[in-house]
Amino acid sequence: MPRPIQATIHTGALRHNIARLRAAAGDARVWAIVKANAYGHGIERAYEGLRGADGFALLDLAEAERVRQLGWRGPVLLLEGVFEPRDLELCSRLNLWHAVHSDAQIDWLAMHKTHQPHHVFLKLNSGMNRLGFTPARYRAAYARLAALPQVEEIGHMTHFADADGPRGIGAQLAAFSAATEGLPGERSVANSAALLRHGPEAGVRADWVRPGIAAYGSSPDFPEHDAAHWGLQPTMTLASRLLAVQELAPGQSTGYGSRFTAEAPTRIGIVACGYADGYPRVAPTGTPVLVDGQRTRVVGRVSMDMLAVDLGPVPQAGPGSAVTLWGRAAPEHGGAILPIDEVAQSAGTLGYELMCALAPRVPVVVQD
Ligand SMILES: *Cc1c(COP(=O)(O)O)cnc(C)c1O
């Protein structure tokens with residue numbers, strides 16, 4: 001028998017979330033962001049649930065090829081554009097749209113020989129200061145692109161730094177509107193947080209929205225709002241089982257560093273899940289976990305292949321009992337949800353990082 005750990009990708013939840021985001025997007029078309037192997041879900045596994053989107057956006061050319069191999073004929077966008085000149089051949093061959101954020105990328109396009117003129121999105125650096133042309137240089141870049149026979153259509157994009165927080169999107173949106181004013185082409189600005197929090201603001205909806213994390217059922221602004229507030233369902237469950245039970249007498253400890261010491265007689269369960277499965281090693285005592293669908297807490301240090309949980313609230317649990325590390329408990333255990341965002345917060349990170357870190361050794365099944 002294999003180790004009992006397993007991840008489940010919920011196709012129906014992906015479909016639900018895409019429909020929810022589409023409703024929030026008004027008339028705009030929806031890119032499903034599938035970078036980082038669909039936020040750790042696996043592009044092939046997530047595809048069925050995400051194909052209700054209007055296009056797929058990602059970074060990696062190999063991932064773009066995988067989307068085409070799945071039979072997707074619609075738009076595919078490379079969010080960082082190409083990394084070297086010969087990548088443009090693949091763009092021509094697979095009809096990939098690509099972001100253009102640098103002069104070098106325009107130089108490469110100018111030298112590129114193709115019968116298939118390209119669809120590009122020119123990227124404005126409106127304040128994030130990662131990629132893109134500054135407002136002062138944006139129109140010159142646009143003019144250069146517009147003069148190239150290799151380019152057929154030029155859209156406009158930017159990315160918000162603070163859509164999830166109190167600074168909001170106002171200043172960046174104003175910079176975007178000014179830089180692109182009067183230029184033809186489609187607009188794309190909103191990530192999950194911008195779409196859900198600022199959707200009604202003029203201009204955010206634009207022609208294309210780019211929700212990533214929300215499609216995967218994690219809230220873009222947790223803990224201010226949780227996934228249920230936004231009507232999103234978890235798309236990834238990480239589940240395992242208890243391998244053993246230990247009865248700690250007062251003063252006894254569990255795990256490396258003896259970081260948890262029982263003050264009273266305490267039953268603890270040892271779970272087949274550790275940091276080599278992608279569970280965060282830094283998750284401290286108190287991190288929420290479900291046993292037989294009931295909420296309890298991690299105790300002591302997470303080790304490579306195991307972690308310990310407090311069985312105080314679940315006295316009926318024993319070896320073989322079902323453990324939900326995040327996501328949804330099985331229907332026979334009540335189907336309770338443990339939001340990945342709560343586990344992430346306890347570990348000092350975000351749902352994004354936990355999803356993306358799901359380890360290759362964890363078997364994954366797809367369920368509707
Ligand atoms: C990752 C990414 C997104 C999606 O962001 P979420 O916060 O996951 O919604 C949108 N646009 C760009 C350019 C990105 O890199």
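Position 1 is the first residue of the sequence, and the numbers go up from there. Quick caveat, the model's predicted, so the values are computed rather than measured. Counting starts at 1 for both ligands and their atoms, in listed order.
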Taking atom types as modelled, find out whether T237 and T8 have a side-chain donor-acceptor pair closer than 3.5 angstrom.
-> no

Looking only at protein heavy atoms, identify the closest one to atom 9 (O) of ligand 1 and say how far it is in Å.
->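 Going atom by atom, the protein heavy atom closest to atom 9 (O) of ligand 1 ends up being S192 OG, 2.5 Å.
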
What protein heavy atom is closest to atom 11 (N) of ligand 1, reported as residue, atom name and distance in Å?
-> R210 NE, 2.8 Å

Electrostatic pair [X]-[Y], nearest N-O below 4.0 angstrom:
X    : Y    : answer
R297 : D310 : yes
E80  : K35  : no
R197 : E224 : yes
R29  : D54  : no
D305 : R361 : yes

Quick check: does A193 get an N/O under 3.5 Å from an N/O on ligand 1?
-> no

Going by the 4.0 angstrom heavy-atom rule, the piece of H159 near ligand 1 is side chain

Find all atoms of ligand 1 within a distance of less than 4.0 Å from any non-hydrogen atom belonging to I213, and give their numbers and elements.
->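 Near I213, the atoms of ligand 1 are 6 (P), 8 (O), 9 (O).
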
Just which atoms of ligand 1 are under 4.0 Å from any heavy atom in K35?
->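 Under 4.0 Å from K35, ligand 1 has these atoms: 1 (C), 2 (C), 3 (C), 14 (C), 15 (O).
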
Compare Y39, W31, Y352 and give the one whose heavy atom is closest to atom 7 (O) of ligand 1.
->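 Minimum heavy-atom distance to atom 7 (O) of ligand 1 goes to Y352.
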
